[in-house]
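Inspection log for the structure reproduced underneath, given as structure tokens.
Chain naming here is simple, since letters A, B, ... match the order of the sequence lines and numbering starts at 1 in each. Model, not experiment: these values are computed from the prediction. What you see below is based on every heavy atom in this structure, not just the backbone, and it leaves out hydrogens, waters and symmetry mates.
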There are 2 protein chains.
Amino acid sequence: MARTKREQDRDAKRDEIVAAARRLFVDEGFEAASISRLATAVGVAPNTLYWYFKDKDEVLVAVLDAEFSARMAEYLLLPPGDVTERLLWVAQQLDRVRRLVATVHARLEKSPALNAWHERFHALSEEMLRVELRQAGVAEAAIGARVKISVFAIEGMLAHPLPEAEKRAICAALAAG
Amino acid sequence: MARTKREQDRDAKRDEIVAAARRLFVDEGFEAASISRLATAVGVAPNTLYWYFKDKDEVLVAVLDAEFSARMAEYLLLPPGDVTERLLWVAQQLDRVRRLVATVHARLEKSPALNAWHERFHALSEEMLRVELRQAGVAEAAIGARVKISVFAIEGMLAHPLPEAEKRAICAALAAG
DNA sequence: ACCTGAACACCGTTCAAGT
DNA sequence: ACCTGAACACCGTTCAAGT
């Protein structure tokens, strides 16, 4: 909804920073990618970033938003039906950002903005998983706990990389009616 | 197995550092508890700690070892039988160190020592959980995936605090034969 | 062997000054 | 409004020097 030319320019610059941050954070991790290096990648002085973002965590939130939207768009295009395969796809996509997932969990307490993002993300994820499990035929009475377990299992697969076969077995167990 | 007086002194001092680090790391978190503050707590100069530990991550590994032994001793004294209650107990005990769990996952790639500790910990945890689930009557063919799911679910409950009732429902679902 | 003061190379962030 | 040079208050770690 940028109206004025000035706001458009500002948003464009902000997007440029987020794009560079996305590459750096995803490829090298949040801690390893310093504000200095990010600024160099964008072509500005380090403190210039603070004109566009309150702090480094706010840059991270913007990166997470961008990453989430991109994956979400693909998820919605997924062929329906085989819930095991759909869960596996989610686990595989999240795998690209597993460093970031660990960072988010580690920084929750320090950054209220990140904490808020995390809660929104989980609310959304649980809603979607609820649909998937219902689709898979999980009994309605058990679905609350089963949704949580599925979310945690998918997160666990990020923190602890497993061979493909084991991942599939886990997703199948999660989708078992 | 400290033999000489000198080795005894050294070990005592090391233990002293670990005890102080344990308090600081558990109460305030690994990142928030700086080497400087740890040194002050022990009563030495910051760089003195490097005489006893290679780096800050090695202090963390020592803290994790100490914490794990303490909890393990209690676990072995637990009344057998109700697997749901036993899982819940584990989740509750781990809750004391949930900041540390997040830190471990976030630092795995940076610290080989931490990574090694983490793998040993999971190997042990899975062994124990395997026994619990077998006890609960989980079918042998499904037990591999179910063990992983249980580990991940317990870890998930640390990263995302839940009301007691939900935790119990999750543990019950995990223990369901 | 054990401990330290001083220094190093960073880090995220702030501030006063420029345009 | 946007950007910067310089500085601030940290951080973990190293090194040469002391005992």
Side-chain angles (χ1 to χ4, degrees), chain A residues 2-18 20-21 24-25 28-63 99-100 103-104 106-114, chain B residues 2-18 20-21 24-25 28-63 99-100 103-104 106-114:
Chain A
R3 308 294 281 273
T4 70
K5 178 72 163 59
R6 178 160 271 155
E7 281 169 329
Q8 280 177 35
D9 284 356
R10 186 180 169 81
D11 285 2
K13 189 89 186 182
R14 217 187 119 106
D15 289 349
E16 207 181 313
I17 296 170
V18 173
L24 276 173
F25 289 180
E28 311 182 14
F30 178 77
E31 288 84 2
S34 71
I35 289 283
S36 275
R37 300 221 298 118
L38 174 54
T40 302
V42 178
V44 294
N47 47 358
T48 297
L49 300 181
Y50 291 86
W51 184 256
Y52 295 91
F53 297 92
K54 187 178 149 283
D55 53 28
K56 200 187 174 188
D57 286 291
E58 213 181 73
V59 181
L60 177 55
V61 168
V63 165
R99 269 208 209 82
L100 254 33
T103 298
V104 168
R107 299 187 65 78
L108 279 184
E109 291 185 6
K110 264 190 197 163
S111 166
L114 203 54
Chain B
R3 309 293 282 273
T4 70
K5 179 71 164 58
R6 176 160 272 156
E7 280 168 331
Q8 278 178 36
D9 284 356
R10 185 179 172 81
D11 285 3
K13 188 90 186 179
R14 217 187 119 107
D15 289 348
E16 208 182 312
I17 296 170
V18 172
L24 277 173
F25 290 178
E28 312 183 14
F30 177 77
E31 288 85 0
S34 70
I35 288 284
S36 275
R37 299 222 297 117
L38 174 55
T40 302
V42 179
V44 295
N47 47 0
T48 297
L49 300 181
Y50 291 87
W51 183 257
Y52 295 91
F53 297 92
K54 185 178 148 283
D55 53 30
K56 201 186 173 190
D57 287 291
E58 211 181 75
V59 181
L60 177 55
V61 168
V63 165
R99 270 208 208 81
L100 255 33
T103 298
V104 167
R107 298 187 64 80
L108 279 184
E109 292 185 5
K110 264 190 195 163
S111 167
L114 203 53

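In this model, the phosphate group of C:dT4 is not approached by any side-chain N or O of B:Y50 to a distance below 4.0 Å at OP1 or OP2. Using a 4.0 Å cut-off, no side-chain N or O of A:W51 falls inside it from OP1 or OP2 of D:dC3. Contact annotation: B:Y52 side-chain N/O to C:dC2 OP1/OP2 distance is not under 4.0 Å. Using a 4.0 Å cut-off, no side-chain N or O of A:R6 falls inside it from OP1 or OP2 of D:dA1.
Between A:D57 and A:R107, at least one side-chain N (NZ, or NE/NH1/NH2) sits under 4.0 Å from a carboxylate O, which counts as a salt bridge. Under a 4.0 Å N-O distance rule, the pair B:D9/B:K5 qualifies as a salt bridge.
In the set D:dG12, D:dT13, C:dC11, the nucleotide with an atom closest to the side chain of B:D55 is D:dT13. Between C:dC3, C:dT13, D:dT4, one nucleotide has an atom nearer to the side chain of B:K13 than all others, and that is C:dC3.
For the atom pair B:K13 NZ and B:L49 CG, the distance stands at 9.5 Å (nearest 0.5 Å).
Within 4.0 Å (heavy atoms only), A:T48 reaches at least one base atom of the nucleic acid.
Here D:dC10 presents its P atom at 18 Å from CD of B:E31, a figure rounded to the nearest Å. Between A:K56 atom NZ and D:dC11 atom C1' there is a gap of 13 Å when expressed in whole angstrom units. Summarising the geometry, the separation between CG on A:L38 and C1' on C:dC11 is reported as 14 Å, rounded to the nearest angstrom. With rounding to whole Å, B:R107 atom CZ is found 14 Å from D:dC11 atom P. One atom, CD1 of B:I35, and another, P of D:dG12, lie 6 Å apart when rounded to the nearest Å. Atom CD in B:Q8 sits roughly 16 Å away from atom C1' in C:dA1 (whole-Å rounding). Computed from coordinates, the B:L60 CG to D:dG12 C1' distance equals 14 Å when rounded to whole Å. D:dC3 atom P lies 10 Å from atom CG of A:D9, rounded to whole Å.
Looking only at distances, no side-chain donor or acceptor of B:K110 sits under 3.5 Å from a matching main-chain atom of A:A32.
Applying the Watson-Crick and G-U wobble criteria (two distances, each under 3.5 Å), D:dA17 pairs with nothing in any strand. In this structure, C:dC3 forms no base pair with any nucleotide, since neither Watson-Crick nor G-U wobble geometry is met with both distances under 3.5 Å. The partner of D:dC8, taking Watson-Crick or G-U wobble pairs whose two distances both stay under 3.5 Å, is C:dG12.
Among pairs with a residue in residues 32-50 of chain B, those fulfilling salt bridge (Lys or Arg N to Asp or Glu O under 4.0 Å) read B:E28-B:R37, at least two apart in sequence or across chains.
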